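For reference, the structure discussed in these notes is given below.
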Amino acid sequence: MEEKYLPAGEQEAARNSPFQTRNASSSHIALLTADELSALAGSCTFCKEEKLRSKKLIDKIFAEGKSVSHAGFALYYYTTPLLTRYPMQAAFAVPKRYHRLAVNRNRIKRLMREVWRKNKMPLYMALAARQTQAAVMWMYRGKSIPDYVTCEQRMLSLIHKLQNALT
RNA sequence: AGUUGCAGGUGCCCGGUCGCUCUUUGCUGAAAGGCGAAGGGAGGAAAGUCCGGACAACACAGAGCACCGCACCACCUAACGGGUGGGGAGGACACACAACGUUCUUACAGACAGUGCCACAGAAAAUAACCGUCCGCCACAGGCGCGAUAAGGGUGAAAACGUGCGGUAAGAGCGCACGUCCUGCCGGUGUAAGCCGGCAGGAGGGCAAACCUUGCGGGUUGAAAGCUCACAUAUACCGGCGCCCGAGGGCUGCUCGUCCGAUUGUACGCCGGGGGGUAGAGCGUUACAGGUGCCGCGCGAGCGGUAUCGCAGAGAAAUGACCGGGGGUAUGCACAGGCAUACUACAGAAUCCGGCUUACAACCUGCAACUAUUU
């Protein structure tokens, strides 16, 4: 038993570690500090942990969260502790009734994800400074397929709105 | 050479910057993690979810009914409502016509088992009499008939086998000859469907994608199937211990005391099992009715042998975004080489296979037809 020299609490954590559970409190997940984030500021990533994947949380965003919208784009957000070190988790959606073909929905979601990847840092910094976390849901309800530039302009204005709302 | 049709195939390429996912792996760190490296990463339809399987859970003595599906024959296949080959029927080409040929289409079992339906028109759509023809009667240029008649006319998509002769009051497969079709039997041929010939009997429309009959097949639900696990928690139930009751026994011959303790109960506490529940995690889950090449067999769909390859695995769902360059096609200007602009389809895996159907820019190959030019 090489674990015996660990403190009792950590032994418990080690025993539980193979199984991620919803009840495991986020207390033992150390949040990224603002300093650590600023070290990452140069890179623009969007990895699995930054993706919103829990169905329960998504339902909560729509039920209890707030939203801002602009020119077809809508942004739902909900401040809550997350099971990750990152300050935010994001998801993207395009309803089927606006775009019937899966190819077009995929294209729009990829554009939105690209804009988010490149422009999310200010929100990350703001949340990390206050030691809180938030889940966000992007939604596009336009009938046309936007190009990257208009996509970026409209989403940036929503990001600014959200930043003002949070601070 | 071009155009059109049919069949089959391919279904844009290269570089840069910033990213995603999976596998393997290096360095670093006590750990969480951090920084890398190499490799894999949508389709011919991934689509529609229309068939058939594999797989899984549940159900299941046997038989019948109901319901659903299929329907010329043989073969291929894991299986099929799919495919290949053949037959029948029906078109098209060619042609005086037919045959042969080429090619296309075809849910193609049964209408003497029964029931039903057949618009409009027409007298009548299946136990036919409007006109006509013949016969009879009367009040005789005409009328009447609970008379006969399916040859002719007209209607219709379809009118009660066709032509000729006989026959008759007039007629009629009423009889005969030839022909057509159906059924049965025999002979030849073919694995078979069938085809060819002969004999006998019969002939009285169609519709089974009308009910139906016959034959064959079908258990239900689908990966949110299903299996496993963990944390916390309420707890049916079971076991153990504690607790409560304490027959009896030991310590002594007796009482008290104390120890052991059958048995009964357990509202309660603890421990273990247990089933329940939570879209939490893992498995199922990507190796195969597998792809490609070669050889052999088969008319063919395919089959056999052999060599070789390892070829997505996400999970509110990766396979991308931006920029630059090059192909290709179309149009315009030039028309000797070019230049500019536009377009670059249909469309995104979700357990996996085999089909079918539908969508599709451009290019390639083969066949057929047509047009033009050259020899």
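Note that these values count all heavy atoms, side chains included, but never hydrogens, waters or copies made by symmetry. Owing to the predicted nature of the structure, the values given are computational and were not obtained by experimental measurement. Letters A, B, ... are given to chains in the order of the sequence lines, protein chains preceding strands, and every chain is numbered from 1.
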*Provide the distance between the two P atoms, one in B:A158 and one in B:A177, to the nearest whole Å.*
33 Å
*Is B:C216 paired to anything, Watson-Crick or G-U wobble with both distances less than 3.5 Å, and if yes, which nucleotide?*
B:G69
*asked:* Under 4.0 Å, counting only non-hydrogen atoms across every strand here, what does A:Ala91 touch: a base, just sugar-phosphate, or nothing?
replied: sugar-phosphate
*asked:* For a quick check under 3.5 Å, do A:Tyr124 and A:Glu50 share a side-chain donor-acceptor pair by atom type?
replied: yes
*What is the base-pairing partner of B:C178, counting Watson-Crick and G-U wobble geometry with both distances under 3.5 Å?*
B:G162
*Looking only at side-chain N and O atoms, does A:Arg110 come under 4.0 Å of OP1 or OP2 in B:U319?*
yes
*asked:* Less than 4.5 Å apart, side chain to side chain, heavy atoms only: is that true for A:Tyr76 and A:Lys66?
replied: no
*Nearest-angstrom distance, C1' atom, B:U23 to B:C295*: 38 Å
*Given that both distances must come in under 3.5 Å, which nucleotide forms a Watson-Crick or G-U wobble pair with B:U266?*
none
*Any strand is fair game: report the nucleotide pairing with B:U17 by Watson-Crick or G-U wobble, both distances under 3.5 Å, or none.*
B:A321
*B:U102 and B:C51, which share atom name C1', separated by this distance in whole Å*: 35 Å
*Determine the contact category for A:Arg113: base if any of its heavy atoms lies under 4.0 Å from a base atom, sugar-phosphate if only primed atoms, P, OP1 or OP2 are that close, otherwise nothing.*
sugar-phosphate
*Consider only side-chain heavy atoms of I, L, V, M, F, W and Y, link residues closer than 4.5 Å, and tell whether A:Val94 and A:Tyr148 are in one cluster.*
yes
*Is A:Arg107 near enough to B:G348 that one of its side-chain N or O atoms lies under 4.0 angstrom from OP1 or OP2?*
no
*Please state the P separation for the pair B:U365 and B:C353 - nearest whole angstrom.*
33 Å
*CD of A:Gln89 to CG of A:Leu57: how many Å apart, nearest 0.5 Å?*
7.0 Å
*A:Tyr98 reachable from A:Leu158 in the ILVMFWY side-chain graph, under 4.5 Å edges*: no
_Taking B:A71 as the reference, what is the distance to B:G81 when you measure between their C1' atoms (whole Å, please)?_
11 Å
*Both distances under 3.5 Å, Watson-Crick or G-U wobble: report the partner of B:A1, or none.*
B:U371
*When the P atoms of B:G273 and B:G290 are considered, how many whole Å apart are they?*
48 Å
*Taking the P atom of each, how far is B:G202 from B:C137, in whole Å?*
40 Å
*Distance in Å, A:Lys118 NZ paired with A:Leu156 CG, rounded so as to fall on 0.5 Å steps*: 11.5 Å
*For RNA chain B, find the residues of residues 146-157 of chain A with a heavy-atom distance under 4.0 Å and give them by number; none if there aren't any.*
A:Tyr148
*Whom does B:C55 pair with, Watson-Crick or G-U wobble, provided both distances fall under 3.5 Å?*
B:G222
*C1' atoms of B:G91 and B:C73, separation to the nearest Å*: 24 Å
*Partner nucleotide of B:G302 by Watson-Crick or wobble geometry (both distances under 3.5 Å)*: B:C297
*asked:* Heavy atoms from C-beta onward define the side chain here; which of B:A321, B:A316, B:G348 lies closest to that of A:Ala102?
replied: B:G348
